[in-house]
**Student:** 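Mind having a look at this structure? Questions to follow.
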Amino acid sequence: MEELKMFCYQCSQTARGTGCTIKGVCGKEPTVARLQDNLIYIIKGMSAYLYHARELGFTDAEIDVFLERALYATFTNVNFNVEDLVNLAIEAGKMNLKTMILLKEAHIKTYGEPEPTKVQIGTVKGPGILVTGHGLKALGELLKQTEGTGINVYTHSEMLPAHGYPELKKYKHLAGNLGKAWFDQKKLFTEFPGAILVTSNCALIPKEEYKDRMFTTGPVSLPEVKHIDGYDFTSVIEKAKSLPELEEKPGDIVLTTGFSKSVILSLAGKIKELVESGKIRHFFLVGGCDAPIKKDEYYREFVKLLPKDTIVLTLACGKFRFNDLDLGDIEGIPRLIDLGQCNDSIVAVDIAVALADLFGVGVNELPLSIILMWMEQKAVAILWSLLSLNIKGMYLGPILPAWVNDDILNVLQENYDIKLIGEPEEDIKNILG
Ligand code: SF3
């Protein structure tokens, strides 16, 4: 097969990563080009969230207008000013906050506000369909169409939080969760004997072993995999019926998901009391997009080493690094609180703002540290959303995004005190003193 060449989208003439100096071809300073790359990542992440909101009938013209302007700003020769592009990234972060609010509203108005829910790992006897991705609309429609058919529906990766939504969890055949973050697909899907439905990005090119029982929907499309336009999942259902039944094979852990803003705020009085009496020393938000690299083992180690008077809030697929750990509780407040998908970062923001109000301080003065896992487009959008709120002192890992050069790192460190993750024990010591 001919090697796939990625052309530089700054000029479309030079292959990226093959010695293009950018400056030599289009006259751009590398920092300008990198900030434009950064903006493209933010736009991609936002577009994915907007897509899922629009699927549920929720749109926002102001965000659409912004996307048009931001994408235009990534033209080769439209703006050469570094400061303008940093400001635009901050504005994009704000727009991504608005986008996540829109998507949360879409999810809650359609499926109800999530409630803490225990999710069984493993399979039950009978035909099954495994759903992966972020698309709750596709999952909801599939659950409707499979009701009463004897088919069980399982979630994978970013679909885990679906179990917390009342209008989704009401389906008894939403049977459990399988696997961990997106990159275990090839192994998990090979072993899973049923049909598979992919609803969003983070899909991998399938292996021969399962591509004939795999389906995509929405913007996702994979080679030699049947694509479904719209929400008629008859072919997925027929495929699941034609395949061998899954075995009764319960896993040995039960996960808990579905902590919404309302649930946490209903505990505000108790949390205040525990913080003031010194029983809760610190909150950590540990989460983000996971990546299959060794350095990501940091996050499990970090959470394991945290003292028992700390609380961990988490979200996105990075939580699968540690969400099987039993951290117990502090007088009834769970020490591990799963807030949902990556787009539910907005719930974490709302909770941080509410806690700041509760204690009469700014968010940066709270006993709260943010330990982010960076991997792809949505994570970049969320990083800039947090920066747009002027949140300081975040730890970022496992490595720096590729668009960050020394100049951009200086801006991030000087203005936002961004730190790179180091060794878990050392970082915890630095944070807790
Ligand atoms: Fe990210 Fe794919 Fe896991 Fe939504 S978007 S979390 S990696």
Side-chain angles (χ1 to χ4, degrees), residues 116 160 180-181 253-259 263-264 267-268 270-291 293-340 342 344-345 347-349 351-352 354-356 358-359 361 363-375 379 382 386 391-398 417-433:
L160 169 67
K180 292 178 177 278
I253 51 165
V254 173
L255 303 175
T256 306
T257 189
F259 287 90
V263 168
I264 303 296
L267 301 170
K270 179 78 186 164
I271 291 174
K272 190 163 191 252
E273 181 195 315
L274 292 171
V275 170
E276 285 172 350
S277 63
K279 290 181 179 156
I280 294 178
R281 183 168 24 152
H282 206 86
F283 296 87
F284 288 89
L285 173 62
V286 188
C289 293
D290 199 3
I293 60 176
K294 189 141 178 55
K295 190 96 203 267
D296 272 288
E297 288 169 10
Y298 168 96
Y299 296 93
R300 183 176 182 86
E301 207 42 37
F302 185 95
V303 170
K304 262 168 88 177
L305 288 172
L306 285 174
K308 291 197 178 348
D309 54 2
T310 57
I311 301 269
V312 179
L313 304 163
T314 190
L315 44 83
C317 72
K319 65 171 156 269
F320 285 99
R321 287 278 170 179
F322 49 79
N323 67 347
D324 58 317
L325 295 173
D326 180 4
L327 300 188
D329 65 280
I330 303 175
E331 296 193 8
I333 308 285
R335 285 197 56 227
L336 182 61
I337 296 176
D338 178 8
L339 302 174
C342 50
D344 292 317
S345 299
V347 178
V349 167
I351 290 170
L355 286 178
L358 190 67
F359 293 105
V361 296
V363 171
N364 286 318
E365 281 75 59
L366 280 174
L368 166 72
S369 300
I370 300 178
I371 320 292
L372 279 185
M373 280 179 221
W374 174 89
M375 207 288 288
I382 291 166
L386 296 172
I391 293 181
K392 306 233 160 92
M394 288 187 283
Y395 282 69
L396 184 63
D417 192 23
I418 286 253
K419 302 169 206 303
L420 273 181
I421 60 165
E423 292 303 320
E425 211 169 347
E426 201 59 25
D427 290 347
I428 292 171
K429 219 164 93 193
N430 287 338
I431 293 167
L432 295 179

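Values in this document were obtained by computation on a predicted structure and should not be read as measured data.
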**Student:** Looking at every non-hydrogen atom in both residues, tell me the closest pair between Ser345 and Leu315 and how far apart they are.
**Tutor:**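 Result for this residue pair: CA-CD2, 3.6 Å.
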**Student:** Which atom pair, heavy atoms only, marks the closest approach of Phe322 to Arg300?
**Tutor:**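 Closest approach of Phe322 to Arg300, heavy atoms only: CA-NH1, 3.7 Å.
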**Student:** Can you name the nearest heavy-atom pair linking Ile382 to Cys342, along with the distance?
**Tutor:**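 So the two residues come closest at CD1-O, 3.3 Å.
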**Student:** Quick one, Val275 and Phe359 - any side-chain contact, counting heavy atoms below 4.5 Å?
**Tutor:**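 SC-SC contact between Val275 and Phe359 confirmed.
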**Student:** Using the side chain to side chain contact (heavy atoms under 4.5 Å, CB included) rule, pick out the option among Thr310, Ile311, Asp309 that qualifies with Ile280.
**Tutor:**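 So, applying the side chain to side chain contact (heavy atoms under 4.5 Å, CB included) to Ile280 and each of Thr310, Ile311, Asp309, only Ile311 qualifies.
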**Student:** Is the closest basic N to carboxylate O distance between Lys319 and Asp338 below 4.0 Å?
**Tutor:**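 Judged by the 4.0 Å cut-off on N to carboxylate O distance, Lys319 and Asp338 do form a salt bridge.
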**Student:** Residues two or more places apart in sequence or in another chain: which of them pass side-chain hydrogen bond (donor to acceptor under 3.5 Å, both in side chains) with Lys419?
**Tutor:**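 side-chain hydrogen bond (donor to acceptor under 3.5 Å, both in side chains) list for Lys419, sorted by chain: Asp417.
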**Student:** Could you give the distance from CG (Asn430) to CD (Glu423), rounded to the nearest 0.5 Å?
**Tutor:**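 These two atoms lie 11.5 Å from each other.
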**Student:** Ser277 side chain to Glu273 main-chain N or O, any donor-acceptor pair under 3.5 Å?
**Tutor:**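 Side chain of Ser277 to backbone of Glu273: a pair is present.
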**Student:** Any Lys/Arg nitrogen of Glu276 or Lys272 sitting under 4.0 Å from an Asp/Glu carboxylate oxygen of the other?
**Tutor:**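 Lys272 and Glu276: salt-bridged.
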**Student:** Does Tyr299 have any ring pair (Phe, Tyr, Trp, His ring centres under 6.0 Å) partners at least two apart in sequence or in another chain, and if so, which?
**Tutor:**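 So Tyr299 forms no ring pair (Phe, Tyr, Trp, His ring centres under 6.0 Å) with any residue.
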**Student:** Got a sec: does the NZ of Lys295 have more than 12 other heavy atoms crowding it under 6.0 Å?
**Tutor:**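 Buried by this count: over 12 neighbours within 6.0 Å.
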**Student:** Minimum heavy-atom separation for Glu365 and Val361, please, with both atom names.
**Tutor:**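 Residues Glu365 and Val361, closest heavy atoms: CB-CB, 3.8 Å.
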**Student:** Evaluate the side-chain proximity of Thr256 to Pro334: yes if any heavy-atom separation is below 4.5 Å, no if none is.
**Tutor:**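 Answer no - side chains too far apart.
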**Student:** If every non-hydrogen atom of Pro307 is compared with every non-hydrogen atom of Arg281, which pair is closest and at what distance?
**Tutor:**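 What the structure gives for the nearest pair is CG-NH2, 3.5 Å.
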**Student:** Could you give the distance from CG (Asp326) to CG (Leu336), rounded to the nearest 0.5 Å?
**Tutor:**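 Rounded to the nearest 0.5 Å, the CG-CG separation comes to 9.0 Å.
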